[in-house]
Engineer: 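Sharing a structure with you now.
All chains are named by letter (A, B, ...) in the order of the sequence lines, taking the proteins before the strands, and each is independently numbered beginning at 1. Quick note: numbers below take in every heavy atom, side chains included, and nothing from hydrogens, waters or symmetry partners.
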Number of protein chains: 2
Amino acid sequence: MARAAGVSQPAVSRAFNPKASITKEKRDRVLAAARELGYVPNVFASSLSKRSSKMVAVISGNLNNPFYSESLQVFVENFQRTSRQVLAFSVQDQQSSDEVMMEALRYPVDGIVMTSAKVTSEMVKLSEGLGIPVVMFNRSVPGTGLATVQCDNRAGGAALARRMAAAGARSFLVLRGDPQGSTSQERVAGFRDTLAALGRLDLEEIEGGSNYSGGYAAIMSRFNRPAPDWPDAIFAVNDIMAIGCADALRGNFGLRIPEDILLAGFDGIREGQRHPYRLTTVRQPIERMVSETLDILDQPDGGESSLRLIPGDLIPGTTVKARGEFL
Amino acid sequence: MARAAGVSQPAVSRAFNPKASITKEKRDRVLAAARELGYVPNVFASSLSKRSSKMVAVISGNLNNPFYSESLQVFVENFQRTSRQVLAFSVQDQQSSDEVMMEALRYPVDGIVMTSAKVTSEMVKLSEGLGIPVVMFNRSVPGTGLATVQCDNRAGGAALARRMAAAGARSFLVLRGDPQGSTSQERVAGFRDTLAALGRLDLEEIEGGSNYSGGYAAIMSRFNRPAPDWPDAIFAVNDIMAIGCADALRGNFGLRIPEDILLAGFDGIREGQRHPYRLTTVRQPIERMVSETLDILDQPDGGESSLRLIPGDLIPGTTVKARGEFL
DNA sequence: TTGTATGCGTTATCAA
DNA sequence: TTGATAACGCATACAA
């Protein structure tokens, strides 16, 4: 390619580097020849000497959960805008993310974003050794000093508890997700503690898969008992489970929401705000969380051990209302 | 690293290559040292000499359309399984995919999958010159000889038309998506031609954004007219639009589906089969389509100009029924 | 089976 | 501003 354009090989490199010192004339000549020959600079070779690949690994949970696909979409948009690319990994629901992360580390990515994970400290060590910054997105791993960007799950859970209590609910059902997940734990903790402080102790907790079917199935089995034993209010730890709940409650038990039973979710996914649902929920400000993540990755030190706790937005919705509000 | 383990550099390379000739003893020693030092082979450097990066670019439409996120999920799973990775790109709804594809070509990926695209022939030339195989997924570009994996959209549209006609519908509304998109065009063509053959000519076509809001908004504006002017049946070119339609029809006009109006979609996304919808639709067999795509990419010649037309599965659903069926 | 030498395509260093 | 040269980390051809 270099000799095809009649220039030296470094000249080609400079022609494609906007801030290199080269005469406009020569640059144009190179660029023209490149177009002619269908030449495109090879990012890999470049990364080998520059030690920056312009690639960021994003390891997410199953993309059939809208929260993950929405997040990924925002990540891709934002990285693309800064001419970086997303190397996408997905970790199956119950799978350990260590193997996946190991796979990601084989690529000299400029950073790793984990939106779903049970990371072991060995992996953290490994990534540190390789000098690859890791940011936990919507996940926290207490032991490690990993940089974390997270919605204030505890406060969000608390807000929903207050709202449900204010609406007059007396018996509560909490539908937890992955018991290992920090997200689920924190939301439930905030919810539980707040109810306790309010003196509402009739609280039952059950678990379900952290997806639509999990929410649906949990309702099917719990509402198998006779009606007097049904709760007033349900808090599902995320919207997609709440949607599963809503469909099961309406479709199989003829319950109206919120007239017969209150329901709240968490995440604020688009789907949850559509006509049939209008969930009362807490929205995770994904855009903001993503830009905080980029910010951390752009820091020279990889933003080590910085914790960014971002408040969620309470969306009133229509699935939690006081009797007075709808009677 | 090589001298840290007390071996030559190629020995390290061989240790990590399962089918290289090296004594088990030496391999173990290298692997042990690697674990110790936190060493991981660099895929980029490897790709530089092997001319295979183990990366495939997947360029998709907005991931907030479940069809794209479901497809991406399947791609990621399948590639991960064969220890290849997905470099994810997203092209905005009306944006040209040329720039995005250009960006992708800078990475020496082993292939490019386009799930949404208006590719120009220049780009095709460029990718050919670079020896990077391109597969169109759920899209066809007539002029170019690009490898294509596609559901039989025309046949699917035809099947839905027959079903709606059989259910007794007399006036039809077709909600098209992106007018440029081959997918939308083919589905509508199949639908339209079949109705014509059946002698049902009362068919109106309108356009909407190819997403939830597009479907919702289209209904809101079309049903502004008085009721006698409403159609019997609606065919939305994809499920996410159909879901928007359903929500708008029920929520704002009090219409029941299928009692008052018939509705059909296309794609067979999960969401469309949930309780509130149960869309009559044609499922694109994503798993099958993805494995066909991998198959093409694995072929030495990049599967040039092979067209794989895969039949869709008609899902009966509950949104298209003859009067007799529900009276 | 092993090590030496070379090349992959780019950037960084240095001298011109 | 330029060009020659040496890395970058790995894989392969070849000789041992």
Side-chain angles (χ1 to χ4, degrees), chain A residues 1-31 33-34 37-55 83-85 102-110 126-127 129-132, chain B residues 1-31 33-34 37-55 83-85 102-110 126-127 129-132:
Chain A
M1 159 68 203
R3 65 174 169 282
V7 299
S8 74
Q9 188 268 319
V12 178
S13 171
R14 289 193 258 260
F16 279 95
N17 187 335
K19 49 188 175 302
S21 59
I22 182 176
T23 45
K24 176 171 173 7
E25 180 182 86
K26 172 165 289 192
R27 166 171 289 146
D28 290 346
R29 187 148 49 98
V30 173
L31 261 42
L37 295 167
Y39 163 85
V40 179
N42 184 329
V43 181
F44 283 17
S46 157
S47 98
L48 212 51
S49 46
K50 284 202 315 185
R51 338 198 106 260
S52 158
S53 60
K54 290 291 187 184
M55 284 184 9
S83 71
R84 285 180 285 194
Q85 309 307 335
M102 189 66 191
E103 197 47 42
L105 286 174
R106 300 191 53 225
Y107 294 76
V109 290
D110 292 349
L126 194 53
S127 66
L130 291 170
I132 299 181
Chain B
M1 159 67 204
R3 65 172 169 283
V7 300
S8 73
Q9 180 266 317
V12 178
S13 170
R14 291 191 255 260
F16 279 95
N17 188 333
K19 50 189 174 301
S21 58
I22 182 176
T23 47
K24 174 173 174 10
E25 182 181 83
K26 173 165 289 191
R27 166 171 288 145
D28 290 346
R29 186 148 49 96
V30 173
L31 262 42
L37 296 168
Y39 163 85
V40 179
N42 184 329
V43 181
F44 281 17
S46 154
S47 98
L48 213 51
S49 44
K50 283 202 315 184
R51 341 199 101 259
S52 157
S53 60
K54 291 289 187 186
M55 282 185 8
S83 72
R84 284 180 285 193
Q85 310 307 335
M102 189 67 191
E103 197 48 43
L105 286 175
R106 301 190 53 225
Y107 294 75
V109 290
D110 293 349
L126 194 53
S127 67
L130 292 169
I132 299 182

Engineer: For a quick test of reading the model: is some side-chain N or O of S8(B) closer than 4.0 Å to OP1 or OP2 of dT2(C)?
Structural biologist: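 For S8(B), the contact criterion (side-chain N or O under 4.0 Å from OP1 or OP2 of dT2(C)) is not met.
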
Engineer: Starting at atom CZ of R27(B), determine the distance to atom P of dT2(C), rounded to an integer number of angstrom.
Structural biologist: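 Checked: the CZ to P distance equals 10 Å.
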
Engineer: If you look at every heavy atom in R27(B) and N17(B), which pair is closest and at what distance?
Structural biologist: NH2-O, 3.0 Å

Engineer: Round to the nearest Å and state the distance from Y107(A) atom OH to dG9(D) atom C1'.
Structural biologist: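 My rounded result for the distance is 15 Å.
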
Engineer: Which residues satisfy the ring-ring contact (aromatic ring centres under 6.0 Å, His included) test with F44(B), sequence neighbours excluded?
Structural biologist: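 Result, ring-ring contact (aromatic ring centres under 6.0 Å, His included) vs F44(B): F44(A).
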
Engineer: Does a side-chain N or O from T23(B) land closer than 4.0 Å to OP1 or OP2 of dT2(C), or not?
Structural biologist: yes

Engineer: What is the distance from CZ of R3(B) to C1' of dG9(D), rounded to the nearest Å?
Structural biologist: 13 Å

Engineer: To the nearest angstrom, how far is R29(B) atom CZ from dT1(C) atom C1'?
Structural biologist: 13 Å

Engineer: Identify the heavy atoms of S53(A) and V43(A) that sit nearest to each other, and give their distance.
Structural biologist: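 Answer, listing the atom of S53(A) first, then V43(A): O-CG1, 3.7 Å.
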
Engineer: Go through the structure and list residues passing salt bridge (charged side-chain N to carboxylate O under 4.0 Å, His left out) with R106(B), not counting sequence neighbours.
Structural biologist: E103(B)

Engineer: If only side-chain N and O atoms of K26(B) are considered, is one of them under 4.0 Å from the OP1 or OP2 phosphate oxygen of dG3(C)?
Structural biologist: yes

Engineer: List the protein contact pattern of nucleotides 7-16 of chain C with one symbol per nucleotide (5' to 3'): B for base contact, S for sugar-phosphate-only contact, - for none; contact means a heavy-atom distance under 4.0 Å.
Structural biologist: BBBBBB----

Engineer: Looking at S83(A) and K54(A), what are the two nearest heavy atoms and their distance?
Structural biologist: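 Closest pair (atom of S83(A), atom of K54(A), distance): O-CD, 3.9 Å.
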
Engineer: Taking all non-hydrogen atoms of both residues into account, name the closest pair between M1(B) and V30(B) and its distance.
Structural biologist: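 Answer, listing the atom of M1(B) first, then V30(B): CE-O, 3.9 Å.
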
